[in-house]
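As a basis for the values below, the full set of heavy atoms in this structure was taken, side chains included, without hydrogen atoms, waters or symmetry mates. Here, residue 1 is the first one in the sequence, and each next residue gets the next number. A quick note: this is a predicted structure, and the numbers were derived from the prediction, not measured.
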Amino acid sequence: MNQPENFYYSQNKLQDYIDCPRRFELKYLLKQDWPAIRSEPIREIEHHQRLGNQFHLFIQQYFNGLSPEIISKQTTDPVLLNWWRSFELFSKTIHFDNVYPEFQISAQIGNSRFYGVIDLITTDQDGNITIYDWKTNKKKPSRNTLNQKIQTKLYRLMTALNYARFFKEINFSPNKIRMEYWFVNDPTSTMVFPYDETLFLSDQSFFNQLIETIQNTGENFFVKTEDQNRCKFCNYRSLCARGIQAGEISSFDELPENEDLLDFDLNELTELEF
Ligand code: SF4
């Protein structure tokens, strides 16, 4: 492939590749604009996306020290207020010594640069790290779906590769890392994904092979997905002759998060100081 200058990989880009290689090519390599409405009604999807972004901001403010009362005064939206009240209850179960909301993380895997924004990282004095992710999906994903997600693999791996940034005097072990998903629509039941040496090694091999496959694919050889359900929510469906009718928001698993909406220049990314 012809890699754009300063190209980096992220969980959103690689998930797009897994879902549909052609979408990855159109979106990130060819940067093809296409004016299709992704889902109907568009106002509903935009509203849900705005709530999701606002909710992530509330949690960031909370862990930066703003009081819950002040945070909740920023909205009158009943859905957002309900999410926030649920999160306030859940937050009392999070124990930590240090906390890093909206943590920007980068890592070199093979010859490629990876980048991500993690909703929350907490650490304790024993060298344990928990990666949190807040899910505002309309439907709660299955454990198997989350286990297969690029996000679950990549965030644990990148955190493992950054371990020395958190703990200079504790020896690294993948077992010290875990990822926990929290869901607005099932706030009392999180899903936890531990990490270990076997996963640490197999994830490195997985991403090296994945990137090698991508980099060895020539222009216009990125194939369209065979699962046409994925096209219902894709901007490019008319370009790909995969139909005009969009899907409904109720069947849309997940809306893109911040990382997907911002086009980062890695040269501008500064490492967070501890
Ligand atoms: S419309 Fe379908 S085939 Fe075309 S890029 Fe999107 S998901 Fe892939």
Side-chain angles (χ1 to χ4, degrees), residues 11-12 15 18-19 38-39 41 43-63 66 68-69 71-72 74-96 99-103 116-122 124 128-156 159 177-195 199 227 229-230 232-233 247-261:
Q11 61 99 2
N12 282 318
Q15 192 63 54
I18 296 290
D19 292 345
R38 229 156 63 143
S39 181
R43 265 192 233 149
E44 187 185 352
I45 208 167
E46 283 178 348
H47 178 64
H48 192 86
Q49 207 160 26
R50 265 200 306 278
L51 290 187
N53 290 343
Q54 185 78 35
F55 181 65
H56 279 71
L57 181 65
F58 281 7
I59 298 176
Q60 183 181 8
Q61 292 172 335
Y62 174 74
F63 284 107
L66 213 60
E69 294 72 31
I71 292 170
S72 61
Q74 295 174 84
T75 186
T76 53
D77 187 293
V79 173
L80 186 53
L81 280 170
N82 191 36
W83 291 357
W84 175 244
R85 279 188 212 107
S86 300
F87 182 79
E88 255 194 278
L89 286 176
F90 172 69
S91 70
K92 297 184 191 341
T93 69
I94 302 177
H95 303 290
F96 55 84
V99 65
Y100 309 95
E102 295 297 318
F103 187 79
V117 181
I118 294 177
D119 287 347
L120 183 74
I121 285 186
T122 62
D124 70 20
N128 297 305
I129 299 180
T130 300
I131 303 158
Y132 287 98
D133 192 83
W134 328 122
K135 289 283 176 232
T136 54
N137 312 35
K138 291 250 171 188
K139 283 192 304 187
K140 185 178 179 180
S142 70
R143 184 171 182 84
N144 188 44
T145 299
L146 285 179
N147 196 36
Q148 297 301 321
K149 263 185 96 73
I150 291 289
Q151 185 180 37
T152 309
K153 295 178 193 292
L154 189 59
Y155 281 6
R156 287 181 306 184
T159 303
I177 291 169
R178 66 201 278 277
M179 182 156 184
E180 183 164 355
Y181 287 98
W182 181 84
F183 311 92
V184 291
N185 288 323
D186 190 5
T188 57
S189 181
T190 62
M191 276 191 219
V192 175
F193 294 86
Y195 212 37
L199 288 168
D227 180 0
N229 279 325
R230 296 193 192 287
K232 288 181 189 166
F233 312 107
E248 292 296 324
I249 187 174
S250 58
S251 55
F252 195 34
D253 278 352
E254 194 170 359
L255 298 171
E257 292 179 359
N258 299 353
E259 184 186 296
D260 201 33
L261 303 173

Between [X] and [Y], what is the shortest heavy-atom contact and its length?
X	Y	answer
Gln15	Ile150	OE1-N, 3.0 Å
Arg156	Ile131	CA-CD1, 3.7 Å
Ile118	Thr159	CD1-OG1, 3.8 Å
Arg230	Asp19	CD-O, 3.1 Å
Val184	Asn137	CG2-O, 4.4 Å
Asn185	Lys138	ND2-O, 3.3 Å

Please confirm whether Phe183 and Trp134 have ring centers closer than 6.0 angstrom. no
Sub-6.0 Å ring centroid separation between Trp84 and His56: no
Sole residue of Trp182, Phe103, Phe90 in side chain to side chain contact (heavy atoms under 4.5 Å, CB included) with Tyr132: Phe90
Restricting to side chain to side chain donor-acceptor pair (under 3.5 Å), what partner residues turn up for Thr122, sequence neighbours left out? none
Report yes or no: do [X] and [Y] form a side-chain donor-acceptor pair below 3.5 Å?
X	Y	answer
Tyr62	Ser91	yes
Gln54	Gln74	no
Thr130	Glu180	no

